[in-house]
Amino acid sequence: MNVASELSLLQQTVLIAAALVLFLSFVLLAQPRLLAAIRAFAWQGGLLALITGLVATVNAEAHLFVSALLTLALKAILIPWMLHRLTRRLELERHLEAVKHAAFVQIVAVALVLFSYWLVLPIIQQDLGFTRNIVAVSLAVVLLGLWVMITRQQAVFQVLGFMSIENGLFLAAVSATEGMPLVVELGIAFDVLVAMVLFGVFFLRIHNSIDSLDVDRLNRLHERLEDSR
Amino acid sequence: MSSFAWLTICLQALIYVSLAPLLTGWIRKAKARLQNRRGPSVFQPYRDLRKLLAKDVHVAHTASPLFRVAPYIVFVSTWLAAITVPILVVELPTAAVADLIVLVGLLALGRFFLALAGMDVGTAFGGMGASREMLISALAEPAMLMAVFTLAMQAHSTNLSTIVTHQIELGLSLKPSLMFALAALSLVAIAETGRIPVDNPATHLELTMVHEAMLLEYTGRHLALMEWAAQVKLMLYGALIVAIFFPWGMTEIVDVDGVMIALLATLGKLALLGAVLAGAETVLAKARLFRVPALLNFALLLGLLGLLSHVILEIGT
């Protein structure tokens with residue numbers, strides 16, 4: 001039967017935010033505009049921070065507040081800002097990438113969500129508190145991030161997929177346990193930041209050498225004449 | 001069920017046909033004010049209907065009898081569909097006879113005959129409008145059914161009265177599945193009633209019209225019935241959204257006071273919804289026809305997400 005009616009309003013907000021995180025993963029999958037996709041990613045980070053903050057309030061965990069603030073600063077503000085600056089520098093603001101086989105991509109994505117739900121069912125049997133249902137969402141966000149990286153050709157979209165995988169792992173940590181230890185979290189946050197800087201350098205290198213960020217064109221060793229537009 | 005309940009059904013049926021033009025007029029007025037125009041009076045649709053009903057009917061030489069019958073079928077099927085959506089009283093005997101899936105079926109019946117009538121005369125525009133209408137409805141129906149299933153899973157019934165009762169008992173609660181279902185149903189409603197991102201109700205510009213293209217050959221009372229049916233359909237979708245997602249004020253006990261309060265509440269909510277629609281139509285531009293499948297695909301995705309988030313997030317095992 002429904003448990004949502006017995007949850008407090010705060011807990012219901014957490015569930016809503018989790019559903020929106022999942023929805024934003026679908027947006028990342030289908031959004032043809034680069035800047036809008038970056039914005040969706042920023043919102044995902046913001047919602048993640050909201051979830052962490054609310055879980056911290058409900059469970060009265062002080063250190064989760066710190067990681068909520070960290071998530072907000074890093075994933076909702078800093079990384080999107082860096083990506084935004086990069087796209088402006090590479091003059092990709094108006095870049096449109098039509099998703100090939102959009103309906104197929106969407107169906108597979110829905111199947112991935114179902115698969116992750118099926119996979120997580122035994123974990124839900126354990127009594128984990130009100131966030132146990134979010135574990136399936138977090139696994140789905142991880143798988144959808146992988147799917148974004150598979151289906152998108154453009155490097156910036158792939159980085160967004162990669163970062164949303166990290167979002168999913170973080171959500172899993174918050175919902176299944178009471179968050180990771182603060183040291184581990186700081187380390188991961190630092191790693192993500194370094195990864196972002198490295199990605200930026202790679203973007204510039206790829207852009208300089210093949211004059212595009214379409215990674216499908218990296219498959220060929222030689223640039224044929226008709227390809228060098 | 002008492003005879004009083006059947007009386008409220010008759011009352012409700014009358015409310016649908018008598019107030020649907022007012023809702024359309026109100027939306028037009030609100031839209032005009034938002035665009036800094038004065039706009040026609042809110043009673044203009046009534047005047048249009050009266051004028052059309054008084055005029056002679058002219059039927060093309062190439063038209064078959066179906067062309068003459070279609071307006072009556074479209075109007076009656078839409079009206080019947082409307083009667084199953086509660087606007088005053090929760091416990092409707094008609095809702096027990098016809099559930100949400102029958103509602104979708106009745107609307108499909110009306111649309112089928114509308115498209116047939118569009119093709120019947122054999123003009124290019126009629127056929128074009130019919131083919132577009134079928135494209136839109138074929139994509140909108142799965143999305144609508146997904147939203148319906150999301151609601152049905154919550155209430156364990158496809159009976160609209162049961163669903164509304166369930167929603168009232170639930171009180172104020174935030175549910176991700178309801179949020180997605182509302183978004184999906186709103187998109188479907190916009191597509192099905194031919195509002196702005198999908199079809200422009202105010203234009204006869206030949207390249208963009210869908211609904212109007214099918215009605216081009218109609219005159220007199222036939223045209224009046226067709227337009228009236230479209231207005232009832234708009235009110236039906238509004239009442240459906242209001243009844244399912246914002247059911248406060250509707251009475252469970254059938255008495256005169258309760259019905260009056262419910263009537264005022266429903267009219268207020270519908271007026272608010274109409275104003276929101278007018279605002280949205282002012283902000284948005286009409287989408288290209290080939291973008292419409294993407295929009296409805298998105299509606300289907302929202303419906304699916306509603307279903308999934310109900311299963312994943314709201315059912316505790």
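In what follows, chains are A, B, ... by sequence order, proteins preceding strands, each numbered from 1. A quick note: this is a predicted structure, and the numbers were derived from the prediction, not measured.
Other residues, nucleotides and ligands contribute only 12 or fewer heavy atoms inside 6.0 Å of the CZ atom of A:Phe115.
Of the N and O atoms on the side chains of A:Ser164 and A:Gln44, not one donor lies less than 3.5 Å from an acceptor on the other residue.
In summary, B:Glu141 and B:Arg111 engage in a salt bridge, as defined by a charged side-chain N under 4.0 Å from a carboxylate O.
The contact between B:Leu302 and chain A is made entirely by side chain atoms (from C-beta outward), counting heavy-atom distances below 4.5 Å. Proximity to chain A (any heavy atom under 4.5 Å) is restricted, for B:Leu308, to the side chain, taken from C-beta onward.
Looking at B:Asp99, its side chain never comes within 3.5 Å of a backbone N or O of B:Asn159 through a donor-acceptor pair. A distance-only check finds no donor-acceptor pair linking the side chain of A:Trp147 to the backbone of A:Gly161 [under 3.5 Å]. With hydrogens and angles ignored, the 3.5 Å screen pairs a side-chain donor or acceptor of B:Asp199 with a backbone N or O of B:His211.
Proximity to chain B among residues 19-32 of chain A is limited to A:Ala19, A:Leu20, A:Leu22, A:Phe23, A:Phe26, judged by heavy-atom separations below 4.5 angstrom.
Judged by the 6.0 Å and 45° rule, A:Lys75 forms a cation-pi pair with A:Phe170.
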